[in-house]
Every structure is written in C-alpha cells, then in structure tokens.
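Note on naming: letters A, B, ... go to the chains in the order of the sequence lines (proteins, then strands), and numbering restarts at 1 for each one.
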Protein chains: 2
Amino acid sequence: MAEQIHTAHLEALLGYNTRRAALHIIGAFMHNMAPFNLRPAEFSVLSLIRHNPGITSRQLCAALSILPPNLVVILKQFEKRKLIARKPHPTDGRAIGLSLTAQGEALMAEAEAVSAASDLSATQSLTATERKTLTRLLQKIYLQA
Amino acid sequence: MAEQIHTAHLEALLGYNTRRAALHIIGAFMHNMAPFNLRPAEFSVLSLIRHNPGITSRQLCAALSILPPNLVVILKQFEKRKLIARKPHPTDGRAIGLSLTAQGEALMAEAEAVSAASDLSATQSLTATERKTLTRLLQKIYLQA
DNA sequence: TATTGTTATACTCTATAACTATA
DNA sequence: TATAGTTATAGAGTATAACAATA
C-alpha cells in the first residue's frame, strides 16, 4: 500500500509530460484569473481582440482552434459584461469587427500582467534560459505541420 | 480580412504554448489509439496497472490526478472488456488490487508501442536531443512544488 | 455555391455530495 | 474517526447539424 508507484513508462511519453505540465501551469492560471472572471479560452479571446482590433469571429476561431458555436457563447457574455464592442466590417457585410471597450481594455491591461506573473510563478523551478528553450521547443511542435 | 493576426502576446505565455503543444500531441495520440478504443486517461490507467500489478484505485488516482468517482467508471468498462482483474488486497480489506488479464496485457503491449510511435511522429520536428531536453524541462515543472 | 455568424443540442471531461464497508 | 471504493449528479469543455444573411 505504501509501495512506490513506477511511472517511468508514462514519463517517457512527451504527450504525458506536456499534458501534466500544461495542467500545472493552467491550474495556477485559473486560480490567478478567478478575480477577473476569465477562463483560459476567454482570456485568449480577449487578448487577441486587444492586439488585433477589428478582428472577426472567424479569425479568432482559426487562430485559437475554437469552434464557431462555442465562440458565440463567449462573445455574448463579453458583450453583456460590456468588455467588447461589435462594429460592422468595412468591406464584408457578413462579418463583424470586434474591439475592446474602455472597460475591456482596463480589465485586460491588468489581466495580462497577472497572466505573465502567474506563468513565471508556475514555472519558478526553471531558469530564464530554460523558459526560453522550452518556449522554442513547444512552438516547434505545434507551429509546424 | 486577409490580415495577419498578431499572436505574439499569447505566444509569450508558457501556459499557452504548453497547452497548444499538448493538444497537438494528444490529438495524434487519440487518432492512433482509436483502434484500441483507448483514450488518454484510459491508456495511462492501464499502463500504470501493467507496470504496477496489484496497484489500488486510490494509488491510481493519486498518481494520475484522477478523482475517484471518475476512475470507477473507467475501471468498470475495463472489467466489462475483460482487460483487468480485481483481487482482494492482501492486508487491507477495504482495498482491491488491480492487474491486467492476458487479454489486457496483449492489448497494452501493442498500445504502448503505438503510443511511443505516435509521440515520435507528433514531435518529428524535434531532434532526439531536443526531445530529451523538453522532457526534462516539462518534468521540472510538474514534478516540483 | 461558399462563407459569416448563429441556434440548438449532444457528448465528453471533470468536479461535488453523500453513501457503504472496512481500518 | 479516517480511508477505500462506490453512486448519482452537476458543471465545463468540446463537438455536430442545420439555419439566415451576405459574398
């Protein structure tokens, strides 16, 4: 019962290690973002809108691998919270350009600072160089193919 | 509309990068494991039972961060598929020791080979050295604290 | 005909409360 | 009283099908 469990075989898999590390970092993220009432997907949507004013739903879905029906729910809540504004797209009558309200901008200025601090805190066992190396290798995986 | 979306701010977050990479690798894993009818959590449970015969539910939950009620469902299906056997624990009457049946052993011998191949294929943009470095850094994150 | 945004809905994953039997 | 295992259920997260408006 008090025996040591052998996990070496699982720990040889990059899928297992990546998932465990992601859960660790994102767990801290969710805890630190709770005061802002933002979950990971919601934060990333607002962040992309902030740095790409006028972005459309379709572009958000493509960039974040979110399915359109699920984004609709997120944007609806943001509008209710007065964090985003919808403006007709200049050239495409079907599309709608998204941008942050002053309130959304204020929220995200704080939230992005907290997210960076949370990231550092959750990976404080790494040196700055190791963080940079890790970032490069992870992006090599999902930005290829 | 055809504008380039700026994702630099998100890509500076380790949480974002780790999650995207995990989704990439685990997507391949699920695709390759479909013939075995094993999803990620199910595979890891069977793998731990295989390399730790006699392991208990509680030990599985602790090692894999699975909540007991969710493990019950998984084990019930495994028993229906005749992949695992339950034997009373030698010293603790409350606990039950888990082990693979011959059928479960045969399935996992194949499944673990496929999982390793899937892992390599999903990270083929990395060199062997980079994979080793990545594994070390990821484990440093979630095995600490 | 293809695409943007939307609705409704289903399925999976994860989490909580409460129970039983053994320690 | 504490722990191992279980039941039932609720909540997120993710997925598919089908539609209206515009290109």
Side-chain angles (χ1 to χ4, degrees), chain A residues 1-3 5 15 19-20 22-24 26-27 29-31 33-34 37-45 49 54-80 84-98, chain B residues 1-3 5 15-16 19-20 22-24 26-27 29-31 33-34 37-45 49 52 54-80 84-98:
Chain A
M1 185 84 81
E3 292 165 30
I5 300 304
R19 178 140 201 277
R20 293 300 297 253
L23 289 177
H24 177 89
I26 291 170
F29 181 93
M30 290 194 290
H31 177 261
M33 280 296 155
N37 195 18
L38 290 179
R39 280 163 297 186
E42 295 168 342
F43 171 87
S44 59
V45 166
I49 295 176
I55 193 173
T56 67
S57 290
R58 183 53 76 166
Q59 288 175 312
L60 280 171
C61 286
L64 296 172
S65 296
I66 295 178
L67 293 173
N70 300 326
L71 182 62
V72 169
V73 180
I74 293 176
L75 294 181
K76 199 176 289 180
Q77 291 178 334
F78 286 160
E79 211 168 21
K80 200 176 293 176
I84 63 168
R86 298 168 126 118
K87 298 169 192 169
H89 192 278
T91 63
D92 189 335
R94 298 167 301 181
I96 299 169
L98 302 166
Chain B
M1 185 86 82
E3 293 165 27
I5 301 303
Y16 178 80
R19 177 140 202 276
R20 294 299 298 250
L23 289 176
H24 178 88
I26 290 170
F29 180 93
M30 290 194 289
H31 179 260
M33 280 297 156
N37 195 18
L38 290 179
R39 282 163 294 184
E42 297 168 341
F43 171 87
S44 58
V45 166
I49 296 175
N52 301 272
I55 192 172
T56 67
S57 290
R58 182 55 72 165
Q59 289 175 312
L60 280 171
C61 286
L64 295 173
S65 295
I66 297 177
L67 293 172
N70 299 324
L71 182 62
V72 168
V73 179
I74 294 176
L75 294 180
K76 199 177 287 182
Q77 290 178 334
F78 286 160
E79 210 169 19
K80 201 176 291 176
I84 63 167
R86 298 168 127 117
K87 298 169 190 168
H89 193 278
T91 64
D92 189 335
R94 299 167 300 182
I96 299 169
L98 302 167

With side chains defined as the heavy atoms from C-beta onward, is the minimum distance between [X] and [Y] less than 4.5 Å?
X: A/Ser57; Y: A/Leu75; answer: yes
X: A/Val45; Y: A/Leu98; answer: no
X: B/Ile5; Y: A/Ile55; answer: yes
X: A/Phe29; Y: A/Leu38; answer: no
X: B/Gln77; Y: B/Glu42; answer: yes

Residue closer to the 5' end of DNA chain C, B/Gly93 versus A/Arg19 (nearest nucleotide): A/Arg19
Closest-nucleotide 5' rank along DNA chain C - winner of A/Lys76 and B/Pro40: A/Lys76
It should be established whether [X] places a side-chain nitrogen or oxygen under 4.0 Å from OP1 or OP2 of nucleotide [N].
X: A/Arg86; N: C/dT6; value: yes
X: A/Arg94; N: C/dT3; value: no
X: B/Arg39; N: C/dC13; value: yes

Quick one: [X] [atom1] to [N] [atom2], roughly how many Å, whole number?
X: A/Arg58; N: C/dA2; atom1: CZ; atom2: C1'; result: 11 Å
X: B/His89; N: C/dA21; atom1: NE2; atom2: C1'; result: 16 Å
X: A/Ile66; N: C/dG5; atom1: CD1; atom2: C1'; result: 15 Å
X: B/Met30; N: D/dA15; atom1: CE; atom2: P; result: 8 Å
X: A/Met33; N: D/dA12; atom1: CE; atom2: P; result: 19 Å
X: A/Ile74; N: C/dG5; atom1: CD1; atom2: C1'; result: 15 Å
X: A/Gln77; N: D/dG13; atom1: CD; atom2: C1'; result: 13 Å
X: B/Ile26; N: D/dT14; atom1: CD1; atom2: C1'; result: 14 Å

The helix from C/dT1-D/dA23 to C/dA23-D/dT1: angle between end helix axes, five pairs per end, rounded to 10 degrees: 0°
Nearest to the side chain of [X], which nucleotide is it out of [options]?
X: B/Asp92; options: C/dA15, C/dA23, C/dT4; value: C/dA23
X: B/Pro69; options: D/dA8, C/dG5, D/dG5; value: D/dA8
X: A/Pro68; options: C/dG5, D/dT7, C/dT6; value: C/dT6

Sugar-phosphate only, base, or nothing, as touched by A/Ile96 at under 4.0 Å among non-hydrogen atoms: sugar-phosphate
B/Glu79: side-chain hydrogen bond (donor to acceptor under 3.5 Å, both in side chains) partners, not counting sequence neighbours: B/Arg86
Nearest atoms (heavy-atom pairs only) where A/Thr56 meets A/His89: CG2-CD2, 3.9 Å
Heavy-atom closest contact (B/Ser44 atom, B/Ala41 atom, distance): OG-O, 2.8 Å
5' precedence on DNA chain D between A/Asn70 and B/Asn70 (nearest-nucleotide basis): B/Asn70
